[in-house]
**Q** 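Let me give you the structure first, and then I'll get to my questions.
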Amino acid sequence: MRADLEIIQQWIKPGHHVLDLGCGDGTLLDFLQSERGASGYGLEINPAHITHCMSRGVSVIEQNLDTQGLANFDDNSFDVVLMTQALQAVRRPDKVLDEMLRLGNEGIVTFPNFAHWRLRWGLALSGRMPESEALPYKWYNTPNIRLCTFHDFEALCRQKSIRITSRKVVDGQHQNSWVARLWPNLLGEIAIYRITRENSQ
Amino acid sequence: MPDPLPADSVGLVTPQTYHFDTPLELACGKVLNRYELVVETYGELNASASNAILICHALSGHHHAAGYHSADERKAGWWNSCIGPGKPIDTRRFFVVSLNNLGGCHGSTGPSSTNPDTGSLYGPDFPVVTVTDWVNSQARLADKLNIECWAAVVGGSLGGMQALQWSLTYPERISHAAVIASTPRLSAQNIAFNEVARQAITSDPEFHAGRYSNNLTLPRRGLMLARMVGHITYLSDASMGEKFGRELREKAYKFGYDAEFQVESYLRYQGERFSESFDANTYLLMTKALDYFDPAYEFGGDLAKALQGARCEFLVLSFSTDWRFAPERSEELVKAMISARRKVSYAEIDAPWGHDGFLIPTPRYTDVFTAYMDRVAREVGA
């Protein structure tokens, strides 16, 4: 399993009801169901991923966050709402964060850091939009339309009174390296945040 | 039947009739003392009877879902695209049961059958049956076939409603329900279309208050109109446009009222053919079963509450251009399932065929359906 998923699964307790926004082929949910005794749903729009989820017995709902939102989910109906590597691809990440914490006690968000030194270096040196393993697209065809840095994300959380209860930073291979811990906004490629509402425990 | 027979066909099939003589209490309060159900099966029931799939038919459907009744039969069963060796409902793995519902006109007891108590035709005296009544009669059929629990109950449109009702009425007797191109209840517009169809039939002078058989006639005109209006709701604007456009049968306008546009003659032909093979009283009854279906009703309109009782997993599929039971109706059902914390997977199939999309094997539909049913098969060791 991908290292970021490996970290996330440790935070899910038996019996947790989980919503995975952009669940991909259902790897994480499948694992959480069979190994963690959790339940829940994945949201996905990629047809091949949806088929894959169905064949492995993951409850998957075809739903587009940008056009359909999350209004069909009840307040406080999940223990955890997950969003791995998809926040940067939605039209309004700020609204999605609000929705995540409306539905769930806790949110877990992972996204690529646009302030990673290699991206900064690439932009500075070549004067062109940077590409990396975590961001392997061209500027004109990238699904990642809302790229941000760790600092940006944390500022947004402060502004929204969202409490960050934990942050783990990994490199491009999803390894939890000591270098990334040292100076995350420069050296970390992907961050995994646990967030809750300010007033919740 | 094509020669040679395609490898993915169930081939020749022979319907069987099952007799029931334990009285069946109906939602309307009446009781059917005796009745018959005509049934087709495909594939083999395994030793543990765990691989059985029930197919529920839609408004004008029947037991003949796959294969051919004879070498001369030109058209295969109505869901031949999805049932057969290697198809989504794979008959090499599943034992598939398909019946004609009570009130039907293809062999099961209905308005065109003889009432054993009176010796004359039921006609309009046949009780109005509901989706729940059908499910109850299907449960008795399951008893006869020694099927304790269906691996899945599967249906499109009105068939999907039966699958949904199964999950609520017999939660312990169903592992999966596939609710395809369906809805948890009809909208006012849906009921309105049904009412137009009923009015077309009952206002036909040949209808004779449903006793047309006694008068040795048939309300052909009314049934044809009912089918024509129904047929329009099964197709999409785009698919009709693609099929017919504004094409004329002859080159120029004739400034008269004959069928000039191809779409007119198509609808007339479909309507006429239907009016010769379908019973008008059955059509009325089936539309009422549609109108009455509303599992949330006894839960104060709260569908999620109704679904609390379900234990099975659900597959819900909708079709992008279906305006009869639009994707929003399936999403309403899915929302309630999520609120009730039922296991559900949902996909909206992008297909141009309107409501009829559930009968047409577009690649994505086939992929999703196959993936889900393959998992059901693995689960039951089939």
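Within every chain, numbering begins at 1; the chains are lettered A, B, ... in the order of the sequence lines, protein sequences first and strands thereafter.
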**Q** How long is the span from the CZ atom in Arg341(B) to the OG atom in Ser59(A), to the nearest 0.5 Å?
**A**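 Rounded to the nearest 0.5 Å, the CZ-OG separation comes to 12.5 Å.
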**Q** Assess whether atom CD of Glu242(B) is packed by more than 12 heavy atoms of other residues, nucleotides or ligands within 6.0 Å.
**A**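 12 or below, so no.
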**Q** Are any non-hydrogen side-chain atoms of Ser345(B) and Val60(A) less than 4.5 angstrom apart?
**A**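 Yes - at least one pair of side-chain heavy atoms lies under 4.5 Å apart.
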**Q** Starting at CD of Glu348(B), measure out to CG of Asn64(A) and round the result to the nearest 0.5 Å.
**A**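 The CG atom of Asn64(A) is 10.5 Å from CD of Glu348(B), to the nearest 0.5 Å.
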**Q** Sort Arg378(B) into side chain, backbone, both or neither according to what part of it lies under 4.5 angstrom from a heavy atom of chain A.
**A**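 When you check distances to chain A, only side chain atoms of Arg378(B) fall under 4.5 Å.
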**Q** Is the shortest side-chain heavy-atom distance between Lys343(B) and Val58(A) below 4.5 Å?
**A**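 Result no, sub-4.5 Å side-chain heavy-atom pair not found.
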**Q** Counting only heavy atoms not in Lys305(B) (residues, nucleotides, ligands), do more than 12 fall under 6.0 Å from its NZ?
**A**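 Atom NZ in Lys305(B) is not packed in, count stays at 12 or less.
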**Q** Is there a side-chain contact between Ile61(A) and Val334(B), using heavy atoms and a 4.5 Å cut-off?
**A**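 Heavy-atom side-chain distance check passes, below 4.5 Å.
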**Q** For Glu6(A), is the CD atom crowded, meaning more than 12 foreign heavy atoms sit under 6.0 Å from it?
**A**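 More than 12 within 6.0 Å, yes.
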**Q** Contact between Asp74(A) and Lys335(B) at the side-chain level, heavy atoms closer than 4.5 Å - yes or no?
**A**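 Side chain of Asp74(A) against side chain of Lys335(B), heavy atoms only: contact under 4.5 Å found.
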**Q** Is the count of non-hydrogen atoms from other residues, nucleotides or ligands lying under 6.0 Å from Glu172(B) atom CD greater than 12?
**A**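 Yes, enclosed.
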**Q** Minimum heavy-atom separation for Arg364(B) and Pro47(A), please, with both atom names.
**A**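 Result for this residue pair: NE-CB, 3.3 Å.
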**Q** Give, as side chain, backbone, both or neither, the part of Gln68(A) having an atom under 4.5 angstrom from any heavy atom of chain B.
**A**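 Side chain only.
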**Q** For Thr51(A) and Asp367(B), test the side chains for any donor-to-acceptor distance below 3.5 angstrom and give the result as yes or no.
**A**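 Judged by distance alone, the side chains do not pair up.
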**Q** Picking from Val316(B), Thr370(B), Val368(B), Ile338(B), which has the most non-hydrogen pairs under 4.5 angstrom with chain A?
**A**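 The option with the most such pairs is Ile338(B).
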**Q** Is Glu379(B) in contact with chain A via its backbone, its side chain, both, or neither, using a 4.5 Å heavy-atom distance?
**A**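 Contact with chain A is absent: no heavy atom of Glu379(B) under 4.5 Å.
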**Q** Is the shortest side-chain heavy-atom distance between Met54(A) and Arg375(B) below 4.5 Å?
**A**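 Sidechains of Arg375(B) and Met54(A): no contact.
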**Q** Nearest 0.5 Å please: distance from the OH atom of Tyr346(B) over to the CG atom of Asn72(A).
**A**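 It comes to 10.0 Å.
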